[in-house]
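Comments concern the structure below.
Chain identifiers are assigned alphabetically (A, B, ...) following the order of the sequence lines, protein sequences preceding nucleic acid strands; residue numbering begins at 1 within each chain.
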Protein chains: 2
Amino acid sequence: MKKDTREALIDSAFNTFYKQGFQGANIATILSEVGINKGSMYHFFKSKKELGLAVIKERIEQNLVNKYTKILEEKESLKNLFDAMRSAPETLVFGCPLNKMSQEMLYVDNDFKKLLSETYVIFENLVGQIVQKEGLEDSSSKAKLIIATYEGALMIYHLNQNKVEFRATLSDLENQIA
Amino acid sequence: MKKDTREALIDSAFNTFYKQGFQGANIATILSEVGINKGSMYHFFKSKKELGLAVIKERIEQNLVNKYTKILEEKESLKNLFDAMRSAPETLVFGCPLNKMSQEMLYVDNDFKKLLSETYVIFENLVGQIVQKEGLEDSSSKAKLIIATYEGALMIYHLNQNKVEFRATLSDLENQIA
DNA sequence: TTTCTACTTGACCAAACGGTCAATAAAGGA
DNA sequence: TCCTTTATTGACCGTTTGGTCAAGTAGAAA
């Protein structure tokens with residue numbers, strides 16, 4: 001179990017940053033959640049920032065890759081993509097992790113910006129492949145439109161808590177895309 | 001000039017929070033920018049949080065109201081709405097203030113959440129009125145779609161810095177709405 | 001068993017943070 | 001002019017913050 005300290009640290013950091021924001025989160029919270037001491041964390045990460053970057057790389061990016069490559073490999077990719085997006089309120093209870101982190105950190109730190117931009121490219125490519133698989137043209141601009149609408153609608157959902165309208169927006173988009 | 005301290009404070013706070021986030025910003029920065037002492041600020045605002053709420057109410061919300069009521073009163077409202085949105089990268093250099101603040105603070109503090117939700121309602125209503133003025137049906141769900149796409153596309157723009165594609169996304173939306 | 005490395009402890013630190021306060025100054029009205 | 005209210009000063013405070021470090025422990029390899 002000792003070997004998993006690093007993973008437990010990233011898990012807890014992801015959750016804490018996700019809820020409270022990177023700058024608003026404090027390390028002590030993460031430490032007590034994992035049940036270790038400060039020095040132990042600094043053995044794996046040389047700073048809070050490094051921990052943040054690891055969270056982006058190993059959780060935010062990885063979660064996106066896992067989720068959307070799986071959809072890409074399925075039979076009805078595009079349909080499943082919209083199904084997955086429509087269920088976002090259930091899974092992403094504090095919003096889109098990539099969007100949250102981006103809004104907060106993009107102009108605060110350049111290393112965050114670089115990593116978050118790279119993560120977005122991966123996201124767009126995966127959605128683009130799903131669109132392309134359906135034989136649709138302009139897959140990259142369609143992917144952008146899907147992601148934009150999804151992210152924006154998710155923001156609105158978190159502001160007005162109206163799940164029905166959130167899903168309706170995505171369904172309209174789905175009908176329009178195909 | 002002395003009477004404008006409160007306004008100068010909110011101006012500087014808005015800019016600082018906009019760039020660095022609410023939690024990431026420190027009061028000393030704002031104070032030195034305005035050129036006053038700490039006690040002077042605490043004469044007008046009883047806490048950093050009160051200053052943050054005032055920024056939302058008196059800058060973020062007000063700016064939205066000013067900008068979109070003006071468009072609503074113009075001749076070609078809907079066209080001008082899309083023109084204004086397309087020029088967002090020039091005016092909103094760090095993203096959408098409402099979106100940024102929402103992503104950061106929605107699940108951190110309930111007073112922020114309430115105020116930000118109210119601000120969104122105002123935003124949606126104004127865009128809804130612009131849509132309705134054009135004689136289009138379903139103005140409220142069309143307003144949601146416009147805002148969602150706009151917010152999402154703006155997020156993408158800040159991640160990939162591609163202004164051409166940002167504008168294209170909004171132009172596609174414009175063509176599809178009408 | 002010894003040794004080397006990876007990990008963990010817990011006390012410690014300096015700096016930065018948000019916030020307070022009594023004293024003072026300036027403005028405005030009577 | 002005097003007086004009251006509003007605004008400003010600047011020193012001060014307690015807490016929290018991210019981060020350090022010397023010491024010790026556990027585990028694996030030899």
Using the ring of each side chain (for Trp, its six-membered ring), is F123(A) parallel, tilted or perpendicular to Y120(A), with breaks at 30° and 60°?
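Rings of F123(A) and Y120(A): perpendicular, as their planes differ by over 60°.
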May I have the distance from [X] (atom [atom1]) to [N] (atom [atom2]), rounded to whole angstrom?
X      : N       : atom1 : atom2 : value
H43(A) : dG10(C) : NE2   : P     : 17 Å
L31(A) : dG19(D) : CG    : P     : 12 Å
E50(A) : dT20(D) : CD    : P     : 12 Å
K38(A) : dA23(D) : NZ    : P     : 21 Å
Y42(B) : dT9(D)  : OH    : P     : 16 Å
M41(A) : dA6(C)  : CE    : P     : 19 Å
F22(A) : dG18(D) : CZ    : P     : 9 Å
I30(B) : dG19(C) : CD1   : P     : 11 Å

Looking at dC7(C), I'd like to know if its phosphate oxygens (OP1 or OP2) sit under 4.0 Å from a side-chain N or O belonging to T5(A).
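The answer is no; no side-chain N or O of T5(A) sits under 4.0 Å from OP1 or OP2.
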dT17(D) phosphate, OP1 or OP2: any side-chain N/O from N26(A) under 4.0 angstrom?
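For dT17(D), OP1/OP2 do have a side-chain N/O of N26(A) under 4.0 Å.
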Is E104(B) paired with K100(A) through a side-chain N to carboxylate O contact shorter than 4.0 Å?
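Salt bridge: no.
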Any base atoms under 4.0 Å from N37(B), or only sugar-phosphate, or nothing? Heavy atoms, all strands.
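Base contact.
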If you check the [X] side chain, which of [options] turns out closest?
X      : options                  : result
S40(A) : dT8(D), dT9(C), dG19(D)  : dT9(C)
I27(A) : dT9(C), dG19(C), dG18(D) : dG18(D)
S47(A) : dG19(D), dC7(C), dT8(D)  : dG19(D)
I36(A) : dG18(C), dT9(C), dA7(D)  : dT9(C)

Hey, are T29(B) and N26(B) close enough side-chain-wise for a donor-acceptor pair under 3.5 Å?
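Side-chain D/A pair, N26(B) to T29(B): present.
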Starting from the 5' end of DNA chain D, give me the residue, Q23(A) or G39(A), whose nearest nucleotide shows up first.
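Closest to the 5' end, via its nearest nucleotide, is Q23(A).
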Sequence-distant partners of R86(A), salt bridge (Lys or Arg N to Asp or Glu O under 4.0 Å), two or more places apart
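Counting only residues at least two positions away or on another chain, R86(A) forms a salt bridge (Lys or Arg N to Asp or Glu O under 4.0 Å) with D83(A), E174(A).
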Is the count of non-hydrogen atoms from other residues, nucleotides or ligands lying under 6.0 Å from K114(A) atom NZ greater than 12?
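12 or below, so no.
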